[in-house]
Every structure is written in structure tokens, then in C-alpha cells.
Amino acid sequence: MHSIKDIRQNPDLFLENIKKRFINIDLKKILKLDENNRKLIQQKETLEKEKKDISKKKDKSLFEKSKQISEKISKFNDEQSIIKKELESILSSIPNIALKDVPIGKDESFNKEIFKKGEIPEFSFKPKSHYELGEGLKMLDFDLATKTTGSRFVFVKDKLAQLERALANFMLDTHTKNNGYKEISPPLMASDASMFGTGQLPKFENDQFEIKFDESSGRKFLIPTAEVILTNMVKEQIINHKDLPMRLVASTPCFRKEAGSYGKDTKGMIRQHQFYKVELVSIVEPNQCLDELERMTNCATKILDDLKLPYKKIILSSGDMGFSAEKTYDIEVWLPSENKYREISSCSSCGTFQAKRMKARYKNNNNETNFLGTLNGSGLAVGRTLIAVLENYQDKDGSIKIPNILKPYMNNLDKITRN
RNA sequence: GGAGAGAUGGCUGAGCGGUUGAAAGCACUAGUCUUGAAAACUAGCAAAGGGGCAACUCUUUCCUGGGUUCGAAUCCCAGUCUCUCCGCCA
């Protein structure tokens, strides 16, 4: 959320930044609302002062006047709160501003590659897709999921289920032991306020699964990513700078409607309503955001290095970035069957954008209270990593070699073959 | 599901109709002392918003929303959340 103060003080800069995002914002309307809002506040405060003075004097002859003032105040109050609400609703649906080094462009075609790494495997045969491999092994079952649940779900069975768990555990171990992240096992549902805090609400409500509770309780949503719940751990708090940075990692299921992607990736488990993801979240002083983003991205790519999976790192263009991000790196892993790279991680700095929505602050060493910086990144998407392992480690007979680093997690199994 | 208790500043915790933005303690910051540190002492220390070039000043805020009153952290109503005990249950 952008603060109206910043917009008021520097409308041109703001307008320019908004253009980079290729969205329409009626800046004039915002400024007009702000002006009216402040005018009403002034009028209201003058009356409030008057009223306060009367009650301090305790002069009975003025009591009647004070009553009249109260009525006037409540009129101004009503008027002002309407304007304030409108102003806030506009402000809350404006995305974060892209940083200077973010390539400008309206969609993913303007994303820029930073580097490629790893050896693309050569096959003496035509490499199969992960779902052909998984179904061949009888360890991925999409039809069964359709029967029990519906489309975009999958049963992972037997050794592949174990492999999926091995991947998540390997990632968690790496991030906790080597990268300084604290492991969290969080709730998988979040309140509407938390969803607002990280930016899923109000604009992207259609992508979220809402859970029906008893009528008296507040709205709750299945988390689309652990980012929501981990980031909101500092919501409405004032953190001591000595406790920063906070680095959190969680392996959780994620739930997404994928509303806007009908017909996209309908085959296989690339795009599911439910998938496991190991998520990294960092809470830092705002001036540390960019350094932390590099660090976090390195933590993510290290997993791929260890798994010996080929990947490339790209920086997203201004138009392709998520709502809350000011700068985003995507990591894309090589999928032989598609003969291209596919997203497996996305690491973003959100600057103070989410913190302002969450009212998450910290005291710096001058004892001043400021908004925190927040970052999030996948480290990595477990389901897609499973896909990448299947496809990159496949043999001609449809069996899957186990990456060396995962063997301790797989009882030293070398290979997954059909039973 | 039944019966109670509570929600106050970064934290703990007083206040229960009138300079209370709010005692006290802890934490934090600065200073004195010390070779340094600790301890002790002294001082400072809430947030949001408005006005002003600024010094500064005004308003709001004691869970949320209503109400009573000239005046509410304090009284009344509704709601949310938390805790304790009993029951039920993974």
C-alpha cells in the first residue's frame, strides 16, 4: 500500500512509476479525494478543539453550545469517513512500484535472462513427460484424483510420494542448517486481514479458496502460498532491530483456484489446485531488501545446483511482476519433454509495501519506528521440482535415477522402477 | 456444548466519570561513574493524522462498533478475540 503522503508530495514520480506497471490509475481523483479529506479534517478538528475547551472549563452555561457542536462534528465525521473509505479502497488496489533496475515492459516477453546454469541432459531417446513417466510407473494417478475430487488434483503414490517428501525435507534441511532460516509449521488458513496484508485481497479474491466457517466467525481462506501466513507473523507488531533479519521457512500445501488459466497446462501436475511448496520469507530493515533478495535467490538456486538440475535465472519485467513486488527474480528449471525452462521459484522483494498494509514496523537504532521490508521466495516449489527430477533423471525404460543428494532421504535407493 | 475471567504504551501492569496520553516496573536511548563492561545514578522514550519553511502546534487513539454525558480508558449495549474450569473429541 502506498502512503497518500508520498503520492501527495511527489505525484509526477508516482505517475511515472505507475505507467511502468501498465495500469490505469486516476491520480487526479486520488489527489482530489485527499484534498477534500484534509479539508474536512481541519473543519472537524476546529470544532473538536472548541468542544474540548468547553468541557475543560466546566462552565454550565456553555454546555448547551457544546451539545450543538457535537452534532456538527458528527456530520463532518460522516462525510469525512465516506471520503476516507473511498480513498483507501483506491489506494489498496494500486500495486507496488517497480525499482529502477526492473526492465520495463507490459508482459513476460520483456523479462530478461540473467544467466543459465547446469548441463542440459542429452537423451538417446525421446524424453517422456513427467506424467507419462509417473503414470507408467503407476505412481502418479490423475484419473483417480478426478474421481475423488476433480480436475487439477493428483494422487502421488509409493516411491514418488516418498521422493516428494524427500525433496521437501532436503530443502527444509538445507535452508535451516545452511541458510539460517527458522522452520515454521504454520496454519494453512489465513484471515481476510492477513490476505489483505500480503496483497491477495481485495484485488485477487477470485484466485482464493474461501473456507465456510460458522456465520459468527471472520472470513478465512486457504493459503495460496505460505508467504501469506509467514509474512503476517509480524503483522501489527513493532520489532526490535536487534531481532532482524528474521528468516522463516515452511513447507506447506498451497491452494489456488487458477481462475485465469483455463486450458493452460491441463495435462500433468504443472498447474494444480493444491501443491507443496517450501517457502522462504525474510523480514528485514528496508535498506537491506535488495541484498536480501540476492541472498534469498541464491538459497533457492543452491537447491537446484545440489540436485544438478539445469536452470536459468531471469528478472521479471515491470508488467509481469506480482502485485506486491518491487523486484522479482524467477528461477526456471529445464524440462526435457517441453524442451524449455519452466518456473520453479519466484523470489520477490516487496520493500515496505506489505508492511504498510500489515502495519508491521520496527524500531531502528535511533529508536525511530519505521515500516519493515518483506521478501518472499520459493525454495522451491516441491511439485515442480518433482517434475523436474522425473524428466531430467529418466532412463530409456521409464525408470528414474535418484539424484545423489537425495539418496540419504530415500534409504539409499538408486532408482525408481515400475513394480 | 455448560460455567466463569479478561482485553490499557515495545513488554508486564495500575487506574474504574473531569489537566490521565495514561502510575509503577522491565526493555530501549543518552549522560555520569568505570581501564572496559556490569551495577548504580540522572535524563529521555507511544502511535496515527492535520496545520506550519521551521521552532512548534492541534486532533484522534486505553480490543472493535454503537449509546449515555457538557465531559468516558472509566458507565450502558452489541460484537470480536484471549484465558481458566467442566464436558466432548483428534
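Remember, predicted model here, so these are calculated numbers, not experimental data. Sequence lines set the chain letters: A, B, ... in the order given, protein chains first and strands last, and positions in each chain run from 1.
You'll find that the side chain of A:Glu48 is closest to B:U60, out of B:G71, B:U60, B:G49. Side chain of A:Arg8, nearest nucleotide from B:C70, B:A47, B:G50: B:G50. With B:U60, B:G50, B:C70 as the candidates, the nucleotide lying closest to the side chain of A:Ser55 is B:C70. Comparing atom distances between the A:Ile238 side chain and each of B:U59, B:G10, B:A47 picks out B:G10 as nearest.
For the P atom pair drawn from B:C41 and B:G25, the interatomic distance equals 10 Å after rounding to whole Å. Taking atom C1' on both B:G31 and B:C75, the two are 46 Å apart, rounded to the nearest angstrom. B:A30 and B:U80 have their P atoms separated by 46 Å, with the value rounded to a whole Å. Nucleotides B:G13 and B:G50 have their P atoms positioned 34 Å apart, rounded to a whole Å. Comparing the P positions of B:A90 and B:G4 gives an interatomic distance of 28 Å, to the nearest angstrom. Separating the P atom of B:A72 from that of B:G18 is a span of 11 Å, rounded to the nearest Å. As rounded to the nearest Å, B:G65 and B:U61 have P atoms that lie 10 Å from one another.
Nucleotide B:U42: paired with B:A30 (Watson-Crick or G-U wobble, both distances less than 3.5 Å). Remark: B:U60 base-pairs with B:A47. Criterion, Watson-Crick or G-U wobble with two distances under 3.5 Å. If you check B:A7 for Watson-Crick or wobble pairing at under 3.5 angstrom, you find it paired to B:U80. Under the Watson-Crick and G-U wobble criteria, each requiring two contacts below 3.5 Å, nucleotide B:A72 is left unpaired. Pairing of B:U12, defined by two Watson-Crick or G-U wobble distances under 3.5 Å, is identified with B:A24.
Using a 4.0 Å heavy-atom distance criterion, A:Lys242 is classed as a sugar-phosphate-only contact. At the heavy-atom level, A:Lys359 lies nowhere under 4.0 Å from the strands shown. Counting any heavy atom pair closer than 4.0 Å across all strands shown, A:Lys51 reaches sugar-phosphate atoms only and no base atom. Counting non-hydrogen atoms under 4.0 angstrom, A:Lys52 reaches the backbone sugars and phosphates but no base.
When rounded to the nearest whole Å, the span between NZ of A:Lys5 and P of B:G52 equals 13 Å. Atom CZ in A:Arg219 sits roughly 21 Å away from atom P in B:G79 (whole-Å rounding). Rounded to a whole Å, the CG atom of A:Leu87 is 11 Å from the P atom of B:G50. A straight line from CG of A:Leu372 to C1' of B:G10 spans 13 Å, rounded to a whole angstrom. Atom CD1 of A:Ile41 and atom P of B:A48 are 15 Å apart (whole Å). A straight line from CD of A:Glu236 to C1' of B:U61 spans 14 Å, rounded to a whole angstrom.
Considering only heavy atoms from C-beta on, A:Thr252 comes within 4.5 Å of A:Ile223 through its side chain. Side-chain contact between A:Phe371 and A:Pro286: absent, with no pair of heavy atoms (C-beta onward) separated by less than 4.5 Å.
Electrostatic pairing of A:Asp34 and A:Arg8 counts as a salt bridge here, judged by a charged N lying under 4.0 Å from a carboxylate O.
Checking the phosphate oxygens (OP1, OP2) of B:A47, no side-chain nitrogen or oxygen of A:Arg361 falls inside 4.0 Å. Distances shorter than 4.0 Å separate some side-chain N or O of A:Thr369 from OP1 or OP2 on B:A47. Residue A:Arg38 places no side-chain N or O under 4.0 Å from the OP1 or OP2 atom of B:U59. Not one side-chain nitrogen or oxygen of A:Lys56 sits closer than 4.0 Å to the OP1 or OP2 atom of B:G71. The phosphate of B:C58 (OP1 or OP2) has no side-chain N or O of A:Lys49 nearer than 4.0 angstrom. Not one side-chain nitrogen or oxygen of A:Lys84 sits closer than 4.0 Å to the OP1 or OP2 atom of B:A48.
Not a single donor-acceptor pair under 3.5 Å links the side chain of A:Glu86 to the backbone N or O of A:Ile82.
If A:Phe63 and A:Gln42 are placed on RNA chain B by their nearest nucleotide, the residue sitting closer to the 5' end is A:Gln42. RNA chain B is contacted by both A:Lys67 and A:Lys363; A:Lys363 maps to the nucleotide lying nearer its 5′ end (nearest heavy atom per residue).
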Chi angles and distances behind the salt bridge (Lys or Arg N to Asp or Glu O under 4.0 Å) call for A:Asp320, A:Lys106: CA-CA 7 Å; A:Asp320 199 30; A:Lys106 66 178 187 319; over 6 Å; no
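In the model, A:Lys415 has a side-chain atom that pairs as donor or acceptor with a side-chain atom of A:Ser399 under 3.5 Å. Checking A:Gln43 against A:Glu79 by side-chain atom types alone, no donor-acceptor pair falls below 3.5 Å.
Rounded to the nearest 0.5 angstrom, A:Ile97 CD1 and A:Glu16 CD are separated by 10.0 Å.
A donor N or O paired with an acceptor N or O is found under 3.5 Å between the base of B:G49 and the side-chain atoms of A:Glu45.
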